[in-house]
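Data block below; observations after.
As the structure is a computational prediction, the values presented were derived from the model and not from experiment. Residue numbers begin at 1 in each chain, while the letters A, B, ... track the order of the sequences.
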Amino acid sequence: MSEDHDLHQQRLANLAELERLGVETYPRTFARTGTISALVAAHGERPAADLEVLRPEAATAGRILAVRTFGKANFLVLSDGVSRIQAYIRQDSVPERDFAVFKLLDFGDFVGVHGRVFRTKTNELTIWASGITFLAKCLHPLPEKWHGLQDVETRYRQRYLDLIVNPDSRRVFEVRAKVVAGIRRFLDARGFLEVETPMMQPLAGGALARPFVTHHNTLDMTLFLRIAPELYLKRLTVGGVERVFEINRNFRNEGISTQHNPEFTMLEFYQAYADYRDLMALTEEMLSTVAREAIGSDACAFGGETISFAAPFRRVSLREAAREAASRRLGAEVAPEDLRDREKAAALAARLEVTYPDGAGAGRIATAVFEALCEASLVQPTFVFDFPTEVSPLSKQRPDDPDTVERFELYIGRFEVANAFSELNDPAEQRRRFEAQLADRQRGDAEAHAMDEDYIRALEYGMPPAGGEGIGIDRLVMLLTGSPSIRDVILFPLMRPQAE
RNA sequence: GGGCCGGUAGCUCAGUGGUAGAGCAUCGCACUUUUAAUGCGGUGGUCGUGGGUUCGAUCCCCACCCGGCUCACCA
């Protein structure tokens, strides 16, 4: 390919020509009277006649997103990443050198302009430039103006390009920021203390998942990136922090999908003297409040359906949901005992062609039936409550039923968004649960929970009764922004390295 | 990891067993209120990588790389 025709070479040549003109090509700063957004906010509604009277002067800067040339009169469209404004560059209105600079500009460069704000014949808010200041060069061609950037691989690998040319992408991350800010406000107003607990842990607990492993050289110790903050936050409830929360990353060394990124953001919070029923009410209030703050509505469009965050959410017990779905599937009534007795549950699963891990008890099989038959139908927010004890090593049992724990998961849009329970605070029972997990681990379950003696010691000092909950922030943002993939709501999702 | 689909110009996409096209971008000329500006003319590609079949492969076959969807596992 000829260098003369390489778009990159052309831009380098324009940069060199600017230097030859004595233009500072990477200046330190530019004195703006305001951002483009501020200008649009100030004058966007003002009629042309008012602007002719006011004749406001302004200096602002941004990236060039369009150039329309007419020889001696030209238009630039500048963006500050949020808003856009047009600049009118007339040869007879700017110094000779500024016009020479203008002619060396490329689509994507940063420039500053100063001049008078007015409206053109077509009523477009415009700065009539009396000067142009070159600010930075864009040395690569940007994606095209009509279609933007469509290629998802490039959008994820070079998110900056996505943000430059696809305004909807910017909007997603603005909503994400509002969601997080809204949650903070909501919990702060209710007396929750925000904390940060270890991301690197000697023992990866608090959830059932495979961790990332790393090593600390000086202490010569194996460390795990956390799969959950749970056990540390509960230690804080032992320490007297009655209401506590953390919004931060968890890391799970598992598959990648439209709903899974190896690092993801979780809100986790604990409230002393609350149980899982209290948390259902709090969750309804929090999600509807945050939705209204983030998108201005407690309803959103997702996957061709409208999801309503208005309270109350539907509530259904896990075994009852599984029993009903199984009955429908088989066309014959399934009895509650069929999900309680291991042999009957195994027989039911076989008839339903539902698979479950080796060594699974009735509780695990019931959970597998629920996941296989029910999950995909849960579009509107639904609390699925009363999980089998077998799959819930950190939850408190129901007083009337030791095989069931006071736990719920919140499903929205056919996937799990939250997980909560009345916290198990009996150290002896906690030890028995860990021991049951160790048995699973010995059978080859890499996700089984490890024994955590330090955590049990903390419980032995006394933990108040408490409810705790985790909410997947990425998934919540997916719902609120109508994003079909978790990668659309994570600025830099994990990708394989690009081949050179 | 399995299955299905995709990778062609800077971008968005067509297309074919006889080594390739459009629109936009880009370059040149014209143009002092345009906004997908317009008109005329031009440049631009080892068709993801490596093999194989063939007289000849971007196209057919195989392997690999990257990505998407999906199943499995999880939040």
Donor-acceptor pair (no angle test) under 3.5 Å: E124(A) side chain, U33(B) base | no

Side chain of E144(A), base of G23(B): donor and acceptor closer than 3.5 Å?
-> yes

Y156(A) near the nucleic acid: base, sugar-phosphate alone, or nothing, with a heavy-atom cut-off under 4.0 Å?
->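 If one applies the 4.0 Å heavy-atom cut-off, Y156(A) turns out to touch the sugar-phosphate alone, with no base involved.
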
Near RNA chain B, which residues from residues 89-103 of chain A have a heavy atom under 4.0 Å away?
->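 Result for residues 89-103 of chain A: R90(A), D92(A), sorted by number.
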
Would you say a side-chain N or O of R68(A) is under 4.0 Å from OP1 or OP2 of A37(B)?
-> yes

Which residue lies more 5' along RNA chain B, comparing Q150(A) with E416(A) via nearest heavy atoms |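 This one resolves to Q150(A).
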
Report the residue (F118(A) or F264(A)) whose heavy-atom-nearest nucleotide on RNA chain B is the more 5′ of the two.
->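 Taking each residue's closest nucleotide, the earlier one in sequence belongs to F118(A).
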
Show me the donor-acceptor pairs, under 3.5 Å and distance only, between side chains in residues 358-369 of chain A and residues at least two apart or in other chains.
residue, atom, partner, partner atom, Å
R364(A), NH2, D440(A), OD2, 3.0
T367(A), OG1, G363(A), O, 2.8

Applying salt bridge (Lys or Arg N to Asp or Glu O under 4.0 Å) to R184(A) and not counting sequence neighbours gives E194(A)

Sequence neighbours excluded, which residues qualify as salt bridge (Lys or Arg N to Asp or Glu O under 4.0 Å) partners of R68(A)?
-> none

What is the separation between atom [atom1] on [X] and atom [atom2] on [N], rounded to the nearest whole Å?
{"X": "Q259(A)", "N": "G68(B)", "atom1": "CD", "atom2": "C1'", "answer": "15 Å"}
{"X": "R159(A)", "N": "G67(B)", "atom1": "CZ", "atom2": "C1'", "answer": "15 Å"}
{"X": "L142(A)", "N": "A9(B)", "atom1": "CG", "atom2": "P", "answer": "18 Å"}

If you measure from the C1' atom in U34(B) to the same atom in U16(B), how many Å do you get, rounded?
-> 41 Å

Do we get R159(A) above F492(A)'s six-membered ring, with its NZ or CZ under 6.0 Å from the centre and within 45° of the axis?
-> no

Runs of at least three consecutive pairs that involve RNA chain B, where pairs are Watson-Crick or G-U with distances under 3.5 Å = B:1-7 with B:65-71, B:10-13 with B:21-24, B:26-30 with B:38-42, B:48-52 with B:60-64

Using the test ring-ring contact (aromatic ring centres under 6.0 Å, His included), find all partners of Y356(A) that sit at least two apart in sequence or belong to another chain.
-> none

Of C31(B), C24(B), C73(B), the nucleotide closest to the side chain of T355(A) is C73(B)

Residue P141(A), side-chain atoms from C-beta onward, closest of U12(B), G10(B), U70(B) =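 Taking heavy atoms from C-beta onward, the closest nucleotide is G10(B).
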
